[in-house]
K.L.:
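Quick one: the structure is below, questions incoming.
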Amino acid sequence: MPVPSATSIASRVRLNQGPEIPWLGLGVFQTEPGAVTRNSVAYALEAGYRSVDTAAMYGNEADVGDAIRASKIPRDEVFVTTKLWHTDHGYDSALRAGRVSAQRLGLGAIDLYLIHWPRANSPQDRLDSWRAMTELQREGLCRAIGVSNYTVRHLEELRTHSDVVPAVDQVEFHPFVFNPELLDYCNAHGIRLEAWSPLTRARHMDHPTIAAVAAAHHRTPAQVLIRWGLEHGIIEIPKSTHRERIRENAQVFDFTLSETEVASLDALRGGPRVGLWNPADIP
Ligand SMILES: NC(=O)c1ccc[n+]([C@@H]2O[C@H](COP(=O)([O-])OP(=O)(O)OC[C@H]3O[C@@H](n4cnc5c(N)ncnc54)[C@H](OP(=O)(O)O)[C@@H]3O)[C@@H](O)[C@H]2O)c1
């Protein structure tokens, strides 16, 4: 359960397709394009983050790329994830969308390219998207490919149609949507789980269970939520636009939670979800 390799902000974990991804990254969903995104990424890089999670749908890929280039940090030290939006499902559309995203980022190869949602016109459509992504990977346009918001059912569909195992499944994952079945499946198949909305979009910061664990460690609720994910071996990508919070969210490698504390947070399982859509409802 504990993740011995997640000992500093520089710690990475190797994905099944080869590249190593940092355990902690900055999310930029709903981060305003332009200066706000560029500043957020700059604050994160300054605080030691070396991973940024964006998406075509967020409208800020170009700003993420600008901020990374402006930092002068060598390109191979920063890990960038972007995603294929569901209006781009299908073989030709996915090929085109991947190329456009890479161009907007302007950083060379995308480190990790994800299918954002399994929402497509048909299961065949998303399988065609996956085929396009394997092609983009073969061409060197992305170093690793994966999925997002896939349930075990969607992952099984993929497994029966492709030899390429997704490197990552990025899903809503925090104590209120703790999903050990998906975690076990991913662990068994070498797929690394990555948590979106690890802070529950700050909706439960004053929950008594979280507050009690935070008080016991003299930490903040945000740090406890991120550490809880790390204890489960999950990659965390909290979002903030504030320099102080971006720093705070990175101070999670110098303490651990006990098994009892982890279990007390696991027990919050049962909702509510942050996301609008429940992936289990997607055929
Ligand atoms: N694949 C997907 O479908 C999907 C869906 C959603 C999100 N994501 C990814 O996951 C990332 C994280 O998820 P998220 O943005 O939905 O939510 P989140 O990281 O759980 O929470 C972000 C919210 O928490 C606030 N916050 C951040 N640090 C805080 C702290 N230390 N104390 C108190 N409040 C704090 C932020 O406000 P300020 O910004 O004002 O600080 C923001 O309102 C996204 O940015 C995106 O990259 C992916």
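Since this is a predicted model, take the numbers as computed values, not measurements. All ligand and atom numbering here is 1-based and tracks the order in the structure. Along the sequence shown, residues carry numbers from 1.
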K.L.:
Which heavy atom of the protein is the closest neighbour of atom 12 (C) of ligand 1, given with residue, atom name and distance?
P.N.:
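Ranked first by proximity to atom 12 (C) of ligand 1 is Ile237 O, 3.1 Å.
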
K.L.:
Thinking salt bridges, do Arg119 and Asp281 make one under a 4.0 Å N-O criterion?
P.N.:
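Looking at Arg119 and Asp281, the cut-off is not met.
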
K.L.:
Phe29 versus ligand 1: do any nitrogen or oxygen atoms come within less than 3.5 Å of each other?
P.N.:
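So ligand 1 has an N or O lying under 3.5 Å from an N or O of Phe29.
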
K.L.:
At what distance is the nearest protein heavy atom to atom 28 (N) of ligand 1, and which residue and atom is it?
P.N.:
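Ranking protein heavy atoms by distance from atom 28 (N) of ligand 1, first comes Asn249 ND2, 3.0 Å.
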
K.L.:
Once you restrict to heavy atoms under 4.0 Å, what part of Ala222 touches ligand 1? Side chain, backbone, both or neither.
P.N.:
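Only the side chain of Ala222 comes within reach of ligand 1.
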
K.L.:
Which option, Glu244, Lys239, Gln30, owns the non-hydrogen atom nearest atom 43 (O) of ligand 1?
P.N.:
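Considering heavy atoms of Glu244, Lys239, Gln30, the nearest to atom 43 (O) of ligand 1 sits in Lys239.
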
K.L.:
Flag the pair Arg104 and Glu61 as a salt bridge only when some basic side-chain nitrogen lies within less than 4.0 angstrom of an acidic carboxylate oxygen.
P.N.:
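Salt bridge present between Arg104 and Glu61.
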
K.L.:
Ligand 1 versus Val28, non-hydrogen atoms closer than 4.0 Å: side chain, backbone, both, neither?
P.N.:
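It is the backbone that gets close, since no side chain atom is under 4.0 Å.
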
K.L.:
Check for me whether the distance between the ring centres of Phe29 and Trp196 falls short of 6.0 Å.
P.N.:
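So the answer is no for these two rings.
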
K.L.:
Only pairs at least two apart or in different chains count here, so list each ring-ring contact (aromatic ring centres under 6.0 Å, His included) that has a residue in residues 147-170.
P.N.:
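The answer is Tyr150-His154.
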
K.L.:
Just checking, any donor-acceptor pair under 3.5 angstrom between side chains of His217 and Gln223?
P.N.:
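No, because no side-chain N or O of His217 sits under 3.5 Å from a partner of the opposite role on Gln223.
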
K.L.:
Does Ala55 approach ligand 1 within less than 4.0 angstrom via side chain, backbone, both or neither, non-hydrogen atoms only?
P.N.:
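For Ala55, there is no contact with ligand 1 at all, from either part.
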
K.L.:
Counting only heavy atoms closer than 4.0 Å, does ligand 1 sit against the backbone of Ser197, its side chain, both, or neither?
P.N.:
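Both backbone and side chain of Ser197 come within 4.0 Å of ligand 1.
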
K.L.:
Check for me, please, whether Trp277 and Ile115 land in the same ILVMFWY cluster - side-chain distances under 4.5 Å, paths through other members count.
P.N.:
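Yes, because Trp277 and Ile115 connect within a single hydrophobic cluster, where side-chain heavy atoms sit under 4.5 Å apart.
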
K.L.:
Between Lys83 and Asp88, is there a side-chain N and carboxylate O pair less than 4.0 Å apart?
P.N.:
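No, Lys83 and Asp88 are not salt-bridged.
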
K.L.:
What protein heavy atom sits nearest atom 29 (C) of ligand 1, and how far away is it?
P.N.:
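Protein heavy atom at minimum distance: Arg245 CD, 3.5 Å.
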
K.L.:
Please answer: with hydrophobic residues joined when any side-chain heavy atoms are less than 4.5 Å apart, are Ile73 and Ile21 in the same cluster?
P.N.:
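Result: yes, single cluster for both.
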
K.L.:
May I ask whether Thr241 places a heavy atom under 4.0 Å from ligand 1?
P.N.:
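Contact present.
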
K.L.:
Among all protein heavy atoms, pick the one closest to atom 3 (O) of ligand 1 and tell me residue, atom and distance.
P.N.:
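Its nearest protein heavy-atom neighbour is Asn149 ND2, 2.9 Å.
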
K.L.:
How close does the nearest protein non-hydrogen atom get to atom 47 (O) of ligand 1, and which residue and atom is it?
P.N.:
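In this structure, atom 47 (O) of ligand 1 has Asp53 OD2, 2.6 Å as its nearest protein heavy atom.
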
K.L.:
Considering only residues two or more places apart or on different chains, which pairs with a residue in residues 119-147 satisfy ring-ring contact (aromatic ring centres under 6.0 Å, His included)?
P.N.:
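Applying ring-ring contact (aromatic ring centres under 6.0 Å, His included) to every pair that reaches into residues 119-147, excluding sequence neighbours, yields nothing.
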
K.L.:
Would you call Glu236-Arg227 a salt bridge at under 4.0 Å N-O?
P.N.:
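Judged by the 4.0 Å cut-off on N to carboxylate O distance, Glu236 and Arg227 do not form a salt bridge.
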
K.L.:
Please work out, at 4.0 Å between heavy atoms, whether the side chain, the backbone, both, or neither of Arg201 comes within that distance of ligand 1.
P.N.:
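Within the 4.0 Å criterion, Arg201 contacts ligand 1 through backbone and side-chain atoms alike.
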
K.L.:
Less than 3.5 Å apart, any donor N or O on the side chain of Glu156 or Tyr185 sitting next to an acceptor on the other?
P.N.:
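A pair is found: one side chain offers a donor N or O, the other an acceptor, under 3.5 Å apart.
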
K.L.:
Counting only nitrogen or oxygen atoms and a 3.5 angstrom limit, does Ala195 reach ligand 1?
P.N.:
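In this structure, Ala195 places no N or O atom under 3.5 Å from an N or O of ligand 1.
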
K.L.:
Nearest 0.5 Å, please: how far is OG in Ser148 from CH2 in Trp117?
P.N.:
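The CH2 atom of Trp117 sits 7.0 Å away from the OG atom of Ser148.
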
K.L.:
Have a look at ligand 1 and work out which part of Thr200, if any, has a heavy atom under 4.0 Å from it: side chain, backbone, both or neither.
P.N.:
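The answer is the backbone of Thr200.
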
K.L.:
Any N/O of Gln170 closer than 3.5 Å to an N/O of ligand 1?
P.N.:
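Min N/O separation from ligand 1 is below 3.5 Å for Gln170.
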
K.L.:
Pull out every atom of ligand 1 sitting under 4.0 Å from any heavy atom of His242, numbered as shown with elements.
P.N.:
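By the 4.0 Å cutoff, the relevant atoms are 38 (P), 40 (O), 41 (O).
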
K.L.:
Among all protein heavy atoms in this structure, tell me which lies nearest to atom 24 (O) of ligand 1, with the distance rounded to 0.1 Å.
P.N.:
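For this ligand atom, the closest protein heavy atom is Ala202 CB, 3.6 Å.
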
K.L.:
How far is atom 41 (O) of ligand 1 from its nearest protein heavy atom, and which residue and atom name does that atom have?
P.N.:
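Checked against all protein heavy atoms, atom 41 (O) of ligand 1 sits closest to Ser240 OG, 2.6 Å.
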
